[in-house]
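Shown next, in structure tokens, is the structure this report addresses.
Proteins get letters first, then strands, A, B, ... in listed order; numbering begins at 1 in each.
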There are 2 protein chains.
Amino acid sequence: MTPYVLVVEDEDALATLLDYNLMKEGFRVERAADGEEALLRVAEEPPDLVVLDWMLPKVSGVEVCRQLRAGSETRRTPVLMLTARGEEADKVRGLDTGADDYVVKPFAMSELVARIRALLRRTRPELMEERLEYADLVLDRARHRVTRGDKDVHLGPTEYRLLDFLMQRPGRVFSRERLLDAVWGANTYVEVRTVDVHVGRLRKALRREGEPDLIRTVRSAGYALDLEG
Amino acid sequence: MTPYVLVVEDEDALATLLDYNLMKEGFRVERAADGEEALLRVAEEPPDLVVLDWMLPKVSGVEVCRQLRAGSETRRTPVLMLTARGEEADKVRGLDTGADDYVVKPFAMSELVARIRALLRRTRPELMEERLEYADLVLDRARHRVTRGDKDVHLGPTEYRLLDFLMQRPGRVFSRERLLDAVWGANTYVEVRTVDVHVGRLRKALRREGEPDLIRTVRSAGYALDLEG
DNA sequence: CGGTCTCACGACACTTTTGCGACAGCGCCG
DNA sequence: CGGCGCTGTCGCAAAAGTGTCGTGAGACCG
């Protein structure tokens with residue numbers, strides 16, 4: 001979980017307010033003060049959703065949006081536009097910009113949050129799911145609790161996030177690099193092999209006598225959550 | 001309980017009176033002196049109910065009400081209008097604009113409180129629940145009393161509110177930030193770690209020889225009311 | 001069937017996060 | 001006033017979790 005939202009807004013006070021409130025709502029937030037910085041950050045780590053001010057220094061919101069649509073990694077990243085009252089609201093509505101939704105300033109924070117939630121639910125339902133299941137494994141995000149066949153499994157924070165990520169796409173193989181990005185965050189500097197260690201720990205925690213191993217190692221490729229080790 | 005009521009009233013004496021009385025009745029109260037401030041506060045933290053003066057500087061009560069109805073988060077927030085005597089004719093329109101109830105100034109405080117209670121009971125029954133239970137824990141809101149297995153538990157005001165909040169969703173994990181918002185109020189500036197201290201105090205107060213700890217710590221995530229520490 | 005590569009795993013030193021006792025400040029009440 | 005109950009902050013020690021390394025077992029390849 002912890003969807004990653006990039007807030008692109010030049011007005012500092014508003015950016016801070018957004019940051020604070022979205023953080024509070026359980027999102028991971030990064031900020032960019034202009035279009036240029038926004039594109040840099042997106043390149044660093046593609047966000048799950050972008051909140052984009054219409055008017056921006058250097059590269060305008062519309063242009064940022066266009067470029068997002070051009071990138072293969074970000075083509076489907078939902079964009080929520082912030083527009084001032086009279087400001088070209090019709091154009092945004094017209095959707096020529098490629099924004100998926102918009103709110104008009106000034107807006108209620110609660111409305112913004114609701115719209116963000118709605119967008120994410122539409123585009124990335126697995127991020128919003130309260131409960132992930134695979135085989136006899138259950139991960140309950142609200143309770144922050146993992147069980148395997150009714151028995152509680154205790155995980156450290158990192159193993160928990162790792163499992164959460166793997167459970168979003170069971171069966172799929174992820175490279176160590178991909179896992180580092182997803183679980184540790186894009187700009188953390190950690191040995192790649194550290195992933196092995198945590199996968200090992202997760203395996204151990206998930207291990208049940210007689211039950212099959214749920215994590216599959218794909219030699220020289222990565223790991224996957226999968227019946228049949 | 002501790003429903004959060006936003007009082008929007010420009011006349012200072014009346015606002016203070018309302019604040020004082022509602023507080024006394026067990027509500028958490030915030031004040032806004034005009035429509036603009038009201039909308040800001042609502043954006044910060046959506047209240048459980050709004051007491052709204054009909055006549056307001058900057059943005060009128062009707063307009064505030066209309067905007068509340070526009071926000072998806074606040075669409076269902078009950079609004080209680082305060083109208084002056086001469087504004088009788090406007091009563092109907094007040095209800096047209098989406099207010100859920102109204103009282104005519106001057107009014108008896110007890111009537112206002114009764115109407116607030118009625119509205120909340122209708123819209124947010126879980127907030128008005130008289131009695132919360134979990135395991136052998138009982139929190140009686142009417143008596144403002146907590147017992148664990150027949151034995152009285154003494155709590156300070158903060159621990160009481162904290163427990164009340166946790167008991168509304170047992171098992172769920174709340175971050176320290178979320179708890180600060182819910183228990184201390186959204187715009188109070190208190191160290192995050194203070195939550196730990198109060199959780200600690202609550203734990204101690206709830207502790208019974210031989211019984212399990214009812215509060216679960218989730219490392220790097222928060223706390224939950226839960227059997228099975 | 002060796003030579004490589006890759007991975008699992010235990011050990012360990014280091015960080016981060018929590019629990020807790022101590023303490024000073026505050027508002028209230030007799 | 002002076003005590004009392006409550007609060008918020010500190011600092012420290014314990015607990016829990018983290019990242020790196022070395023070793024050895026197995027997998028893959030020609």
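- Surrounding CD of A:Glu73 are at most 12 heavy atoms belonging to other residues, nucleotides or ligands under 6.0 Å away.
- Checked against D:dC21, C:dT18, C:dC7, the side chain of A:Arg219 finds its nearest nucleotide in C:dC7.
- A distance-only check finds a donor-acceptor pair linking the side chain of B:Glu37 to the backbone of B:Ala33 [under 3.5 Å].
- For the pair B:Thr194 and D:dT9, the criterion of a side-chain N or O lying under 4.0 Å from OP1 or OP2 is met.
- Checking the phosphate oxygens (OP1, OP2) of C:dA8, a side-chain nitrogen or oxygen of A:Arg203 falls inside 4.0 Å.
- Taking atom CG on B:Leu202 and atom C1' on C:dC20, their separation rounds to 15 Å, with Å as the unit.
- Phosphate proximity of C:dT6 to A:Tyr223: absent, as no side-chain N or O sits under 4.0 Å from OP1 or OP2.
- Ring geometry for A:Phe174 versus A:Phe165: interplanar angle of 30 to 60°, hence tilted.
- C:dT6 atom C1' lies 17 Å from atom CZ of A:Arg216, rounded to whole Å.
- Checking B:Gly156 against B:Arg193, the closest nucleotide of DNA chain D that is more toward the 5' end is the one next to B:Gly156.
- Between the side chain of B:Arg201 and the base of C:dG19 there is no donor-acceptor pair of N/O atoms closer than 3.5 Å.
- Atom CG in A:Leu179 sits about 16 Å away from atom C1' in D:dG19, given to the nearest Å.
- Phosphate proximity of D:dG19 to A:Trp184: present, with a side-chain N or O under 4.0 Å from OP1 or OP2.
- If you measure from atom CG of B:Asp213 to atom P of C:dG19, you get 9 Å, rounded to the nearest angstrom.
- The CD atom of A:Glu159 sits 15 Å away from the P atom of D:dA16 (whole-angstrom rounding).
- Using a 4.0 Å cut-off, some side-chain N or O of A:Arg176 falls inside it from OP1 or OP2 of C:dC7.
- If you check every strand for non-hydrogen atoms under 4.0 Å, B:Val197 touches a base.
- Comparing D:dC6, D:dG19, C:dC9 against the side chain of A:Arg207 picks out C:dC9 as the nearest.
- Look at CG on A:Asp196: it is 14 Å from C1' on D:dG22, rounded to the nearest Å.
- The shortest distance between the side-chain N/O atoms of B:His198 and the OP1/OP2 oxygens of D:dC6 is not below 4.0 Å.
- At C:dA8, one or more side-chain N or O atoms of A:Thr217 fall inside 4.0 Å of OP1 or OP2 (strictly under the cut-off).
- Side-chain contact check for B:Gln168 and B:Asp164: at least one donor-acceptor pair (N or O, by modelled atom type) lies under 3.5 Å.
- Neither OP1 nor OP2 of C:dT16 sits under 4.0 Å from any side-chain N or O of B:Ser220.
- Inspection of the B:Tyr102 and B:Arg115 side chains reveals no N or O donor paired with an N or O acceptor under 3.5 Å.
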Walk me through it: do A:Thr217 and A:Arg203 pass the test side-chain hydrogen bond (donor to acceptor under 3.5 Å, both in side chains)? CA-CA 11 Å; A:Thr217 303; A:Arg203 266 203 176 111; 2.5 Å; yes
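- Counting to the nearest Å, the C1' atom of D:dG11 and the CD atom of B:Glu191 are 13 Å from each other.
- When the nearest nucleotides of DNA chain C are assigned to B:Lys204 and B:Val218 by heavy-atom distance, the more 5′-ward of the two goes with B:Val218.
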